[in-house]
Amino acid sequence: MKRLFKILTLVLFLSVATFAESKAQHTIAVTGGSGFATARPYPAQEMKAIWGTYQAGFSWRYYSMPRFIACFGIDVELLQRGFSFAPYPYLYENKKDYKYYTRKLNSIVIPIVWQPHIYLFKKHLRVYLEAAPTFSFNFASKFYNDEKYAINIDGSVNAPISGKYEFRGERDNRFSYGLRGGAGFDLIFGQFEVGVRAMYDFGYSDILKNRTKYYSNNLDCITNPGENPFYYTPLRSPLDNLTISMKIGFRIGKAGFKEWEWKRPAFPKNKEVFKYTF
């Protein structure tokens, strides 16, 4: 996993070098924040959000000349995802008494960012929107089960309360994809930037494989109902995240906004010349 992270970081910095341009601005930054995670299973389950998830990563932005109001960027992030749902809500009369099963997992996320923006206060403030397709690799998952017991079909009790979640090829998807939307602002001080942004990751792929394609992934009710209490894995299980993060950035090179203030020279007007001879 460390090797994969190093490779992704190297790709980020090689991209910076590839798009280098003398009058453009290249900004690298570190980001970190927190938010909540949830899922949208189908058929629907009794869900609740997991608060306190974390995000940390590297960011690169390529700002071209100011006549173009958008920039291009790539991020490499570590994002905590997960979901929490009540496997047996019918056992309780009040919602506050529900017992929840929770899964938390880490993902390496690579968003490819398009960022329209404007500058205010003599270019000391940048306000922007962001849109990005995202590609992820999921790893290092744990589960927590509030239910103190679970009974197998044969009547035996075999359900750990918490532990490491084992990814299995017939049940789990390692790779995922989705869309991200967000907004934020940056305060600019010379070559340094400090900012805040809010992002929502909308998952399109499923963390659990569809049981209609992989029939053997519905055996958890027999082998280990505590690890995955979905007796039949849902038809859809995309993951969503809302994250608010801080950003500290540095502009590569000393070229500043004055170099961006170049204006197209005015063309000379045609001068009429009168000829007095025939």
Side-chain angles (χ1 to χ4, degrees), residues 5 8-36 53-79 108-136 178-202 241-269:
F5 190 75
L8 294 176
T9 304
L10 179 61
V11 170
L12 175 63
F13 284 101
L14 287 177
S15 300
V16 175
T18 302
F19 286 93
E21 182 181 324
S22 60
K23 290 187 178 180
Q25 290 193 1
H26 301 266
T27 301
I28 57 174
V30 292
T31 61
S34 183
F36 74 78
T53 57
Y54 52 78
Q55 176 271 336
F58 299 97
S59 173
W60 166 67
R61 296 290 182 270
Y62 169 82
Y63 296 94
S64 61
M65 295 294 285
R67 60 179 175 270
F68 303 109
I69 61 170
C71 82
F72 172 79
I74 299 176
D75 297 347
V76 178
E77 299 178 353
L78 172 64
L79 179 65
I108 296 293
V109 184
I110 301 179
I112 302 175
V113 181
W114 176 68
Q115 183 196 97
H117 58 272
I118 59 172
Y119 291 98
L120 302 171
F121 302 111
K122 297 182 179 180
K123 298 185 175 66
H124 289 296
L125 174 65
R126 180 193 298 120
V127 180
Y128 60 85
L129 300 175
E130 285 190 348
T134 61
F135 305 93
S136 311
L179 292 177
R180 169 180 292 185
F185 67 88
D186 296 325
L187 299 176
I188 302 171
F189 307 96
Q191 291 181 249
F192 291 93
E193 298 181 1
V194 178
V196 176
R197 62 177 181 171
M199 307 167 295
Y200 194 89
D201 288 89
F202 188 86
N241 275 78
L242 174 66
T243 307
I244 298 176
S245 62
M246 294 286 296
K247 166 187 171 182
I248 301 176
F250 179 79
R251 188 175 68 249
I252 299 174
K254 294 184 178 181
F257 290 107
K258 291 183 179 180
E259 287 77 1
W260 286 18
E261 294 174 357
W262 178 86
K263 295 182 180 179
R264 188 184 302 274
F267 290 99
K269 296 181 179 179

Glu77 with Arg180: basic N within carboxylate O range, under 4.0 Å
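Between Arg180 and Glu77 there is a salt bridge, with a charged N closer than 4.0 Å to a carboxylate O.
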Point-to-point distance, once rounded to the nearest 0.5 Å, from [atom1] of [X] to [atom2] of [Y]:
X: Leu78; Y: Tyr54; atom1: CG; atom2: OH; value: 5.5 Å
X: Cys71; Y: Glu130; atom1: SG; atom2: CD; value: 7.5 Å
X: Asp201; Y: Thr243; atom1: CG; atom2: OG1; value: 6.0 Å
X: Ile244; Y: Phe36; atom1: CD1; atom2: CZ; value: 9.5 Å

Could you check whether any side-chain heavy atom of [X] comes within less than 4.5 Å of a side-chain heavy atom of [Y], counting everything from C-beta outward?
X: Val109; Y: Asp75; result: no
X: Phe202; Y: Thr134; result: no
X: Leu125; Y: Asp186; result: no
X: Glu193; Y: Lys247; result: yes

Going by distance alone, is a donor N or O of one side chain under 3.5 Å from an acceptor N or O of the other, for Thr27 and Arg251?
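Not at all, the side chains of Thr27 and Arg251 share no donor-acceptor pair under 3.5 Å.
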I'd like to know if the side chain of Gln55 pairs up with that of Thr31 as donor and acceptor (distance under 3.5 Å, no hydrogens or angles considered).
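Thr31 and Gln55 do have a side-chain donor-acceptor pair below 3.5 Å.
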Classify the angle between the aromatic ring planes of Trp60 and His26 as parallel (below 30°), tilted (30 to 60°) or perpendicular (above 60°).
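Rings of Trp60 and His26: parallel, as their planes differ by under 30°.
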Students often mix this up, so state it plainly: with edges at 30° and 60°, are the rings of Tyr119 and His117 parallel, tilted or perpendicular?
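Perpendicular, since the angle between the ring planes exceeds 60°.
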What's the shortest heavy-atom distance between [X] and [Y], and which atoms?
X: Ala70; Y: Trp114; value: CB-NE1, 3.2 Å
X: Ala132; Y: Pro111; value: CB-CB, 4.0 Å
X: Met199; Y: Ser245; value: CE-OG, 3.9 Å

Please indicate whether Phe192 has more than 12 foreign heavy atoms, meaning atoms of other residues, nucleotides or ligands, lying under 6.0 Å from its CZ.
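No, not enclosed.
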Over 12 foreign heavy atoms within 6.0 Å of CD1, Ile248
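Counting neighbours around CD1 of Ile248, 12 or fewer heavy atoms of other residues, nucleotides or ligands fall under 6.0 Å, so no.
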Has Arg126 got its NZ or CZ under 6.0 Å from the middle of the six-membered ring of Tyr63, at an angle within 45 degrees of the ring axis?
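Yes; both conditions hold, so Arg126 lies above the ring face of Tyr63.
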